[in-house]
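Proteins get letters first, then strands, A, B, ... in listed order; numbering begins at 1 in each. Remember, predicted model here, so these are calculated numbers, not experimental data.
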Amino acid sequence: MKSFFQQIVALITGEPAPTAGFKSLTERDLIRMESQIGAKLFGPVPQGHRREFFCLDEHTWVWYEEWLDPATKKKQNVTTRYEVHENGILKVQDGQPYQVVEGDELRNLVTAIQLYYEQVARHIYHYDPATGKPLHPQPGTIKK
Amino acid sequence: MLTDAETLQSTPTSEAPKFGEFDVTRAAQETATPANTPAIALDPQAELARTMNVYQEPEVRVETKISQEHFQFVIHAGRNLRAARNHITGV
């Protein structure tokens, strides 16, 4: 019988969950799971598109968008990397010069990061992002 | 012959400064702009706008700097997520 966690992984990723349990997940697996949540923060993904939005590390956030070009029937994709610096956020895209994220885009990005952290912490890692405490008692812990 | 009291009473009041009374003539002299004082430099564009009653569009400020509070939050979130991943993967 599949564990609750395996069922959740299968539900979120659409792929069979690792059978060896929680410990067998790689960082890449976890980022993919996070990205499933991240992709939905900006509204419905258009038909034929694949979107990923995830936190790579504390200074880097990634947006990946892939779609089929109706004219050429070829896959197109854009990877956008957001670099967080104390004096601003830089946007880096393939073949493009660095751009400072500003105005509405800056506000929307910060809001997206707040939502991402809130939802990922609760739904994947099962802790309260405000307190850092587990949402459910861990198996084997004794309630005081 | 006038007595001392009568002498005092006959002193013209215009010559006797009165305590607390504003001396208009002196104040006017003190505040008058000397003839050689240069005229106040005006901003020609602002003056023109005032004269022509032209509305000046306020400068639109686009925020480019992340607030310190948001910066701290983003870094904090990233660290916690990495810690959560590491906890699971055993790194």
Side-chain angles (χ1 to χ4, degrees), chain A residues 5 9 18 21-34 37-38 54-61 82-91 99-107 109-122 124-132 134, chain B residues 20 22-24 26-91:
Chain A
F5 175 73
V9 170
F22 214 61
K23 288 281 182 187
S24 68
L25 285 172
T26 64
E27 186 178 20
R28 195 183 176 118
D29 295 328
L30 293 168
I31 288 177
R32 194 177 299 126
M33 290 166 65
E34 291 180 21
I37 290 176
F54 58 89
C55 169
L56 188 65
D57 59 45
E58 56 262 50
H59 289 283
T60 317
W61 290 74
Y82 295 97
E83 291 184 1
V84 182
H85 298 269
E86 197 159 6
N87 55 355
I89 297 182
L90 295 176
K91 182 165 77 171
Q99 284 180 296
V100 177
V101 181
E102 58 185 27
D104 287 342
E105 189 181 3
L106 177 61
R107 273 191 296 280
L109 177 62
V110 171
T111 304
I113 290 171
Q114 289 170 329
L115 291 171
Y116 178 101
Y117 180 56
E118 169 76 24
Q119 294 186 24
V120 165
R122 286 183 181 281
I124 294 182
Y125 301 115
H126 307 293
Y127 72 88
D128 184 337
T131 63
Chain B
F22 187 63
D23 187 344
V24 180
R26 188 175 168 189
Q29 285 170 350
E30 285 175 355
T31 55
T33 307
N36 60 351
T37 303
I40 299 166
L42 293 172
D43 176 357
Q45 284 190 327
E47 188 62 18
L48 179 65
R50 270 196 294 276
T51 309
M52 303 292 287
N53 196 24
V54 175
Y55 172 72
Q56 287 184 309
E57 193 76 36
E59 189 184 349
V60 179
R61 190 164 168 267
V62 179
E63 196 62 59
T64 59
K65 193 178 188 307
I66 185 171
S67 72
Q68 191 60 29
E69 185 189 350
H70 284 151
F71 173 77
Q72 296 293 348
F73 176 82
V74 172
I75 296 297
H76 166 79
R79 282 187 186 145
N80 282 356
L81 290 170
R82 285 195 76 190
R85 290 174 198 157
N86 292 344
H87 179 71
I88 290 170
T89 58
V91 175

Residue pairs passing the salt bridge (Lys or Arg N to Asp or Glu O under 4.0 Å) test with at least one member in residues 70-79 of chain B, sequence neighbours excluded, are A:Glu58-B:Arg79
Looking only at A:Thr60, A:Ile89, A:Asn87, A:Leu109, the option with the highest number of non-hydrogen pairs under 4.5 Å against chain B is A:Asn87
When every non-hydrogen atom of A:Cys55 is compared with those of B:Leu81, the smallest separation belongs to CB-CD1, 4.0 Å
If one checks every heavy atom of A:Glu105 against chain B at 4.5 Å, the contacting part turns out to be neither
Whatever's closer than 4.5 Å to a heavy atom in chain B on A:Val101 counts as backbone
For B:Arg85, the salt bridge (charged side-chain N to carboxylate O under 4.0 Å, His left out) test, sequence neighbours excluded, returns A:Glu27, A:Glu34
Exercise. Look at the rings of B:Phe71 and A:His59 and say which category their plane angle falls in: under 30° parallel, 30 to 60° tilted, over 60° perpendicular.
Key: tilted
